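Notes follow the structure.
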Amino acid sequence: MLLTLATTHQPATDLGFLLYKNPAGVQSFELPFGKVHVFYPDAREELCRVALLLDVDPVRLVRGGGRGEGALDQYVNDRPYVASSFLSVAIAQVFGTALSGKSRERPELAKTAIPLELSISCVDCGGGEEVLKRVFEPLGYELQIDRHELDEAFPEWGQSKYYSLTLRAVTTVHDILTHAYVLIPVLDNEKHYWVGEDEVNKLLRHGEGWLPNHPHREFIVDRYLQRKRRLTRLALERLTEDEVLDPDATEEKNAHEEEAVERPLSLNERRLGSVLSVLKKASARRIIDLGCGEGRLLERLLAEKDFSELVGMDVSHRALELAGARLRYEQMSERQKERLKLIQGSLTYRDKRMTGYDAATCIEVIEHLDPPRLSAFERVIFEFARPNTVILTTPNVEYNVNFESLPAGKLRHRDHRFEWTRAEFQGWAHEVCARYKYSVQFISIGDEDPEHGPPTQMGVFTV
Ligand code: SAH
């Protein structure tokens, strides 16, 4: 198992200081599952490349208490060759200081983005190239992916599931090692050690600053935690707790740490509370939540006896799975199941299953749609589904200046296609009303800024 890291930032041999490994010789370390060797195939002023060669001992894996079943218990397996969590452990052991972003000899350089190239000789990626791109491209890497044949001597056998992967970016050594450390086990999908709650902490710690905004964070968390539903949910909840989306929750949390009893409501809680009270006022009984995500609103609605039928719809299967887990759908009695349905579908296609409800909610969804699809969305909701009440919320982009962590001009979430000012949202809403014969009322959610308005804007459309 081979990983190399190279830079052309001059003097390139400073890489040795960042990694605490002298370019002059070979160093070897014992790990519980094998040996790791660090050496420099190139150590010149203009190019320096370090190699980490991990020699996993398959016999020791078996004798050292494998997991009881599966490939790890056989002497012949791909573990010695494929980048896996063993490699992550080796990175942490051998480049631990660099992984934590520190350097005694070159502290400034450790924080500087420099041209870096990280190669992994062999990754086993079940989902193929698409998964490699999904995971690394949003982090700004240029990828080179070479797929290996099953056997060069027998080309007719076709391709294997193994790839060589190279990541290139101008970034810090800390970042590139962190991304490799977290994402290698995500690709491999098989962990050699037991996944427990401790892993959640590890993931959150190493994911700080990039994972919360990664558009495929759910996929990453899910795979990293090896599809352990409970842990995945825990991690996602903690990841989204501090999301920029919810800045006043974080701010207030810090300010009122001691007032835990009367903890102020987060923006998300206020949003859900407002939706709930509008639904009650409208005397809605049958409700469809469009773009229901992980089912946070449905969770609140299920607790209310007044609502006789609830449907959550989302385009994402994964979101629906998480919603199912949150709402404990599988554990429900048949009667309870009659009250709740989770269905997969898109808001930009006319769909009979959306008709016949008293109210539709569309919470923080519209900004995820491509602008050219907006008119289709309008027709689907206001012309075809046509419930008596439509509740729609979306961020107010004017408020973004209040988010310290958000660079000017940036949207709150990477997957947002747009964010509207109050005038833009209201202009759009009035046009919709004129076209489809609805009327609209606007409600502010969250603490209003005197100049920039509330963080979230809500439109309540009624026939
Ligand atoms: N309403 C939820 C989730 C908001 S995130 C909440 O407030 O917590 C946006 C959700 O919209 C995601 O779950 C996403 O999968 C879904 N979505 C995006 N485009 C969609 C489309 N065209 N049709 C249906 N759902 C969509």
Side-chain angles (χ1 to χ4, degrees), residues 134 212-219 221-222 232-233 236-246 249 265-276 278-279 287-302 310-327 340-354 357 359-382 384-385 390-396 411-420 443 445-446 455-459:
R134 187 190 316 172
N213 295 326
H214 196 295
H216 301 293
R217 66 179 177 209
E218 286 173 14
F219 172 80
V221 170
D222 189 38
T232 305
R233 206 176 118 189
L236 284 172
E237 273 175 12
R238 286 179 51 191
L239 265 185
T240 42
E241 246 173 30
D242 296 340
E243 209 175 26
V244 249
L245 245 176
D246 214 343
L265 294 177
S266 76
L267 182 55
N268 189 46
E269 284 166 333
R270 291 193 207 189
R271 193 156 45 219
L272 299 184
S274 307
V275 176
L276 185 64
V278 173
L279 286 171
I287 297 155
I288 183 164
D289 185 22
L290 302 168
C292 63
E294 295 165 31
R296 286 174 202 266
L297 176 62
L298 291 169
E299 190 175 31
R300 294 285 292 267
L301 302 184
L302 271 174
L310 298 168
V311 177
M313 183 175 129
D314 204 288
V315 76
S316 151
H317 284 288
R318 189 67 204 122
L320 291 170
E321 265 179 46
L322 290 169
R326 171 186 293 275
L327 305 171
L340 172 72
K341 279 194 191 65
L342 295 173
I343 59 177
Q344 196 268 339
S346 172
L347 288 169
T348 52
Y349 293 93
R350 184 178 174 174
D351 190 331
K352 269 210 207 87
R353 295 174 301 171
M354 287 190 223
Y357 293 93
T361 50
C362 196
I363 309 307
E364 307 294 285
V365 174
I366 190 171
E367 63 277 6
H368 290 263
L369 304 178
D370 276 327
R373 305 294 296 152
L374 265 186
S375 57
F377 165 81
E378 290 163 26
R379 292 195 71 193
V380 166
I381 309 282
F382 296 98
F384 300 124
V390 177
I391 303 174
L392 200 144
T393 73
T394 193
N396 163 25
L411 303 184
R412 296 185 200 180
H413 192 286
R414 276 185 198 238
D415 197 39
H416 286 180
R417 307 300 153 95
F418 58 85
E419 283 174 0
W420 277 331
I443 296 173
I445 298 175
T456 300
Q457 40 189 347
M458 176 193 257

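On a predicted model such as this, the values are computed, not experimentally measured, just so you know. Order of appearance sets the numbers: ligands from 1, and atoms from 1 within every ligand.
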Q: Determine, for R296 against E299, whether the closest basic-nitrogen to carboxylate-oxygen distance falls under 4.0 angstrom.
A: no
Could you tell me the residue and atom name of the protein heavy atom closest to [atom], and the distance to it rounded to 0.1 Å?
atom: atom 25 (N) of ligand 1; value: V315 N, 3.3 Å
atom: atom 23 (N) of ligand 1; value: L347 N, 2.9 Å
atom: atom 2 (C) of ligand 1; value: G291 O, 3.4 Å
atom: atom 6 (C) of ligand 1; value: I363 O, 4.0 Å
atom: atom 22 (N) of ligand 1; value: S346 OG, 3.2 Å
atom: atom 19 (N) of ligand 1; value: L369 CD2, 3.7 Å

Would you indicate whether the side-chain heavy atoms of [Y] and [X] approach each other to under 4.5 Å?
X: P395; Y: E364; result: yes
X: R373; Y: Y349; result: yes
X: L342; Y: L298; result: yes
X: I445; Y: L267; result: yes

Q: Would you check if the side chain of Q457 reaches a backbone N or O of W420 as a donor-acceptor pair within less than 3.5 Å?
A: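 Yes, the answer is positive, given that a donor and an acceptor are paired below the 3.5 Å cut-off.
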Considering only heavy atoms of [X], which atoms of ligand 1 have at least one such atom less than 4.0 Å away?
X: E364; value: 4 (C), 5 (S), 9 (C)
X: V365; value: 11 (O)
X: C292; value: 2 (C)
X: S316; value: 15 (O)
X: G345; value: 23 (N), 24 (C)

Q: Verify the distance criterion only: is there a donor paired with an acceptor across the side chains of T393 and R271 at less than 3.5 Å?
A: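 T393 vs R271: no donor-acceptor pair found between side chains.
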Q) Heavy atom of C362 under 4.0 Å from ligand 1? A)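 Outside the 4.0 Å threshold, so no.
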Q) Heavy-atom distance to atom 8 (O) of ligand 1: which of H368, H416, R296 wins? A) R296
Q) Taking the minimum heavy-atom distance to atom 10 (C) of ligand 1, which of L322, D415, D314, D370 ranks first? A) D314
(Q) Please find the pair of heavy atoms, one from T394 and one from E367, that lie closest to each other, and give the distance. (A)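 Scanning both residues completely, I find the closest heavy atoms to be OG1-OE1, 2.8 Å.
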Q | Closest non-hydrogen atom pair, V365 against L290 | A | CG2-O, 3.5 Å
